[in-house]
2 protein chains.
Amino acid sequence: MTPNERIGRSLLRQEVSERIKRYILDNRLRPGSPLPTENELCAALGASRSSVREAIKTLGALDIVEVRHGHGTYVGGLSLSALVEGLTFRGLLGPDDEFGVLSDLVEVRELFERGNAAKIVGTLEESHVDELDALVDQMARGEDIVAADRAFHALLVQPLGNALVSQLTDAFWDVYTAVAPHLGVPTDENDTVVLHRAIIAAARTANLTAFADAVIAHYTPIRTRIAAARA
Amino acid sequence: MTPNERIGRSLLRQEVSERIKRYILDNRLRPGSPLPTENELCAALGASRSSVREAIKTLGALDIVEVRHGHGTYVGGLSLSALVEGLTFRGLLGPDDEFGVLSDLVEVRELFERGNAAKIVGTLEESHVDELDALVDQMARGEDIVAADRAFHALLVQPLGNALVSQLTDAFWDVYTAVAPHLGVPTDENDTVVLHRAIIAAARTANLTAFADAVIAHYTPIRTRIAAARA
DNA sequence: GAATGTAGGATTGTTGAACAATGGGATTGT
DNA sequence: ACAATCCCATTGTTCAACAATCCTACATTC
């Protein structure tokens, strides 16, 4: 496809990108399904390999496509990795508070847990609470505190049955842990055990306001640290 | 940089991508700031133009960088466009409910408004309420109902002062309007005026529970439509 | 026979050069 | 002063060649 043949149309690699997406949709492919090779795509779409590759790289950044060197190209995991990378960069670029990424982030995470208190407490089963307890025990023993903390909150919102909330929770956690150190936000872990136990206790008694308060109490020191780091 | 010189290291375009991000961070560039030309980047980073371009395309997909044909490359707007494209594709790929993208989406939007009722009602000023009213008037007149609806909800969460919530609200709206038609979800607009007026009325009286109920009532028909479209 | 090593093919990664398309500014002409 | 034109810098696209990687199949060895 010589450039002359597509006057007036948009950028070629953009069209190629759209056509690859369309190909996945039309063929009902699923994450992990193999895609045609670069050369096959070149022939099928009538574009040079460079254009096809640039289009693939674009889709790769969105986790719509995943490329394995020497192996092939596959449908991606459709994760929120792009959101993580984008927000992380935003957070690193604007420590001078042009964007209050960190505090906004924490606010949303808190909202996910506090605002869904009724549903969380209502559908929380005994086994879930035990798992939460086990994670706090792990934190108390000082084993992989960060991982346990992350798993705790993931588990907390899991009963909501909302995959988007779960993935956003994870994504925001990733962004926070990536950005906070660069902004001089300390990672105080003294009260974490107590604060998490309070959340569990409130969930056990199925006391909605107590649960909401415990969640707020949990995030309060974090907000304080962020506010302090700004000054 | 001949391939031999970087054995063991990761992909070149990935390194180039990281170095471009670092360049922006180190030089405290802001959205709209110009970046070096492709050839300058080639020279500075010691990579071929193809590799540099693929790296730039990756960053472009994340809106970290923006490329203008024939003009130059600039720092991007750091928007959530990547999230929109990713979620939209996910929604289109999984109408068979592998991902319940649409319902998850609406649930989060509702949570943003309902869960922050206290803060919204508390900080809502007279002028804001008037603007909300004006938007509903516009909807009642049938002028650009979709745009007015979108503006309404954007304005509703604005007093939160949380840029992330505002942008996620916008992003989710975009995804919904892009995905819903393809899934056969009808866009009934009969009750919208009444339902939006109820939200305003509750906000005016500063009645928190009434506000939350009005928000729930507003989203109920949407959830019903999504559920119906699944069956 | 099983484990290991090796050679080959297929696929993506990288390079370099050349030309097209675009946008904006400088030049020119009136 | 204004407009049209030309020119130049920059990004878009193509092509061809070779490198790096992964997997498979085969051969080797114990």
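First the proteins, then the strands, lettered A, B, ... as listed; each starts at 1.
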Show me, pair by pair, the donor-acceptor contacts under 3.5 angstrom made by side chains of residues 142-156 of chain A, not counting sequence neighbours?
{"from": "Glu143(A)", "atom 1": "OE1", "to": "Arg141(A)", "atom 2": "NH2", "distance (Å)": "3.3"}
{"from": "Glu143(A)", "atom 1": "OE2", "to": "Arg141(A)", "atom 2": "NE", "distance (Å)": "2.9"}
{"from": "Asp149(A)", "atom 1": "OD1", "to": "His153(A)", "atom 2": "NE2", "distance (Å)": "3.1"}
{"from": "Asp149(A)", "atom 1": "OD1", "to": "His196(A)", "atom 2": "NE2", "distance (Å)": "3.0"}
{"from": "Arg150(A)", "atom 1": "NH1", "to": "Asp174(A)", "atom 2": "OD1", "distance (Å)": "2.3"}
{"from": "His153(A)", "atom 1": "ND1", "to": "Glu113(A)", "atom 2": "OE2", "distance (Å)": "2.7"}
{"from": "His153(A)", "atom 1": "NE2", "to": "His196(A)", "atom 2": "NE2", "distance (Å)": "3.2"}
{"from": "His153(A)", "atom 1": "NE2", "to": "His218(A)", "atom 2": "NE2", "distance (Å)": "3.2"}

Point to revise | Carboxylate-amine/guanidinium contact Lys21(A) Glu85(B), below 4.0 Å | key: yes
Study note, to complete from the structure: For dT30(C), the nucleotide meeting Watson-Crick or G-U wobble distances (both under 3.5 Å) is dA1(D)
Review point. Are any of the side-chain heavy atoms of Arg30(A) and Leu93(B) separated by less than 4.5 Å?
Key: yes
Point to revise | Whole-Å gap separating C1' (dG12(D)) and CD (Gln14(A)) | key: 12 Å
Exercise for review: Would you mind reading off the distance between Tyr74(A) atom OH and dA10(C) atom P, rounded to a whole angstrom?
Suggested key: 15 Å
**Study point:** Euclidean distance, atom CD1 of residue Ile20(A) to atom P of dT12(C) [Å, nearest integer]
**Key:** 11 Å
Check your understanding: Within the pair Ser50(B) and dG16(C), is there a side-chain N or O less than 4.0 Å away from OP1 or OP2?
Key -> no
Point to revise | Partners passing side-chain hydrogen bond (donor to acceptor under 3.5 Å, both in side chains) against Tyr23(B) (at least two apart in sequence or in another chain) | key: none
Exercise for review: Flag the pair Gln158(A) / Thr169(A) as yes when at least one side-chain heavy-atom distance between them is below 4.5 Å, and no otherwise.
Suggested key: no
**Study point:** Gap between atoms CG and C1', on Leu41(A) and dT13(D) respectively (whole Å)
**Key:** 17 Å
Practice item. Using atom CD of Glu54(A) as one end and atom P of dT13(D) as the other, report the distance to the nearest whole Å. Key: 7 Å
Check your understanding: CG of Leu11(B) versus P of dA19(D): gap in Å, rounded?
Key -> 18 Å
Contact list (N/O, under 3.5 angstrom) for nucleotides 6-11 of chain D vs protein:
{"from": "dT11(D)", "atom 1": "OP1", "to": "Thr73(B)", "atom 2": "N", "distance (Å)": "3.4"}
{"from": "dT11(D)", "atom 1": "OP1", "to": "Thr73(B)", "atom 2": "OG1", "distance (Å)": "3.0"}
{"from": "dT11(D)", "atom 1": "OP2", "to": "Glu38(B)", "atom 2": "N", "distance (Å)": "3.0"}
{"from": "dT11(D)", "atom 1": "O4'", "to": "Gly70(B)", "atom 2": "N", "distance (Å)": "3.3"}
{"from": "dT11(D)", "atom 1": "O2", "to": "His69(B)", "atom 2": "NE2", "distance (Å)": "3.2"}

Check your understanding: Is it true that Glu107(B) and Lys119(A) have a side-chain N and a carboxylate O under 4.0 angstrom from each other?
Key -> yes
